[in-house]
Structures are given as structure tokens and as C-alpha cells.
Amino acid sequence: HINHGLIIKYIFYFLIGEPDHVTSLHYINPKFDPMDFYSMNDYQKAISAIGYVLEPYDTNKMMGAYGYGGCFNKSTKPSFDYPLNDNPEHPKVLGTRGVLDTYTEALKKVALYGPTNFKPMIEKIRTESRANVSSASVNGHRTLLKYNILVFLTDGTITDMEETIHEIELASRYPMSIIIIGVGRANFDLMKKLDSDDKTVDYRDIVQFVPFNKFIDNPFKIASETLAEVPFQLLSYARKNDVYPPFAVRTVEKEEPKK
């Protein structure tokens, strides 16, 4: 467990699609039941399976839920970081069930619109992450107050690949990670390119790609794959920037001899 006074925040980010076509990954089953996994569309299944894996690690269970790839709330302008609860000031919802309900409701009032850009949302969370480290030090150590984890749910489509790669490099300097969940059976080669597991990049690895359909029948594998890299990514940030989570700062404070 990686909390112990450190605030962990998850932000879900969805590609919005057509809910009325049976072949759509976003199709809403007329018999949809949030308690019945097999009545869900592919995105609802991913939210449920991944969300309940991540939820115990979110400090207060309040999770951001944003959409892209559409015009929201009767707007004629496409958005790439729209809060699905229609509340920009308070975009968080309670728990995985809140994310699931908010996504399902949002599908009923969105007009599909391209392109599908990742950069704006990564930039948004990167900007928020600037305040995640204390400015004052305790015994010479700054405190890591919060660690953001941005979860993309996507069918693999992306129209700003180079801009996104550059933004990920910038985001690697801040206390955040990105988990990309591949939904459906599309070609996810572009998503794999964003995951720098091949160690060919010279910046901190902050991206983990998980092909959801590959593990959909194995909840233990989903859990291990989703969380495989986050603890190491968090520790790599702390070590590289000489910051300590709150419990570690308190430990250092106790161990230092009194003058």
C-alpha cells in the first residue's frame, strides 16, 4: 500500500462514442444493470474492473471523470478535457460507481466530434501536479503531498501523437503517472509507443499500457497489470527530486538526534 499520509488521486478520461449503435463499444444495453458485469458495454466493463482495482488506493475515493472526442452540454465546440458531471469547479465523483454512472449519463447528451487529442488532458493534470510538493522543507526534505494518476480509456485512436509524446516528457518531471487502458480489439500499436517500457527514452517512465480485453476474464491479472508500475514510478519521482511522502518525513524527523 502506497498511501500512509500521501494523497493518491485518480482521474478517469474517456473517449466518448455512439451509444445507440449495437456495434459501438459505447452501446448502452437496454437491460444495463450497474451490478451486472455482463450487461455492460466494453467501456463500462473497463470502468468497473479497473476502477475497483484502483479505488482502494484513492485517498478519499473522489475521482475526476472527464471526456474527449465530443461536443458536450449542447456546445458546438469540441472539448478535450470536459468534466462529465458538467461541473468544472468540482469535477470529481464518488468512487467507481460514481464514475460509471457519470459516464453512462454523459453518453446520452454528447455529440460526437473529432479529433481525439490526448495532449490537453495530460497538460491539465501536469499543471495541477505542480502544487503536489510542499515549498517548505522539513529537516531539509520537501514533502510529496499528492500523486496524481491519470487513467485513459481509449479504443486506440489518437490524432496528436507527437504533441502527446512531448507532453508526456514534460509530465515526467511532475508527481504523476498515466495508465492507458486499451478497450476493444483495435490495433493498439500507437498506445504501446506511448509506453516507454523499451527504455529508449531518456526521461522518467510514467506510462503503463494495459490491453483490457487480454485480461478481461482474469481479475487478478487485471489488478497486477494495472498497478504493475505505479509504485516504482512514484518512488522514481521521489528519489530523483529528493522529496519524501509525509510518513517518511515524520520518520526522518523522529530519527534525527536532538541538538
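- Remark: side-chain polar atoms of Gln208 are not paired, donor with acceptor, to backbone N or O of Leu227 under 3.5 angstrom.
- Under a cut-off of 6.0 angstrom, the local environment of CZ in Phe215 is crowded, with over 12 non-hydrogen atoms contributed by other residues, nucleotides or ligands.
- Counting all heavy atoms, side chain and backbone alike, Asp205 lies closest to Gln233 at O-CG, 3.1 Å.
- For Tyr13 and Tyr66, the distance between ring centers is not under 6.0 angstrom.
- Taking OG1 from Thr226 and CZ from Phe209, the interatomic distance works out to 11.0 Å, rounded to the nearest 0.5 Å.
- Within 6.0 Å of the CZ atom in Phe232, the count of heavy atoms belonging to other residues, nucleotides or ligands does not exceed 12.
- Between Pro175 and Val133, the shortest heavy-atom distance links the atoms CG-CG2, 4.3 Å.
- Between the side chain of Asn41 and the backbone N or O of Tyr43, at least one donor-acceptor pair lies under 3.5 Å.
- No side-chain donor-acceptor contact under 3.5 Å links Glu105 to the backbone of Thr102.
- Only one option out of Ile158, Thr164, Ile165 pairs with Lys193 in a side chain to side chain contact (heavy atoms under 4.5 Å, CB included); it is Ile165.
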### Task
Could you walk me through whether Leu100 and Tyr52 pass the side chain to side chain contact (heavy atoms under 4.5 Å, CB included) test, one step at a time?
CA-CA 11 Å; Leu100 184 62; Tyr52 285 115; over 6 Å; no
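- Under the 3.5 Å distance criterion, the side-chain polar atoms of Asp81 are left unmatched by any main-chain donor or acceptor of Pro83.
- Ser48 places no side-chain N or O within donor-acceptor distance of the main-chain N or O of Lys45, the cut-off being under 3.5 Å.
- Considering every non-hydrogen atom in both Tyr174 and Ser129, the closest pair reads CB-CB, 4.0 Å.
- In terms of modelled atom types and a separation under 3.5 Å, the side chain of Arg126 and the main chain of Arg173 share no donor-acceptor contact.
- With respect to the salt-bridge test (charged N to carboxylate O, under 4.0 angstrom), the residues Asp101 and Arg97 qualify.
- For Asn73 (side chain) and Ser75 (main-chain N/O), no donor-acceptor pair under 3.5 Å exists by modelled atom type.
- The heavy-atom pair separating Ile122 from Ala171 by the smallest distance is CG2-CB, 4.0 Å.
- Although no hydrogens or angles enter the test, the distance criterion places no donor-acceptor pair under 3.5 Å between the side chain of Arg142 and the main chain of Val243.
- At least one test fails for Lys109 against the ring of Phe72: distance under 6.0 Å to the centre or angle within 45° of the axis.
- Checked by atom type, the side-chain pair Tyr147/Ser177 shows a donor-acceptor distance below 3.5 Å.
- Surrounding CZ of Arg130 are more than 12 heavy atoms belonging to other residues, nucleotides or ligands, all under 6.0 Å away.
- When all heavy atoms of Asp33 and Met40 are compared, the pair lying nearest together is O-CE, 4.2 Å.
- Among all heavy-atom pairs drawn from Gly184 and Leu25, the shortest one is CA-CD2, 3.9 Å.
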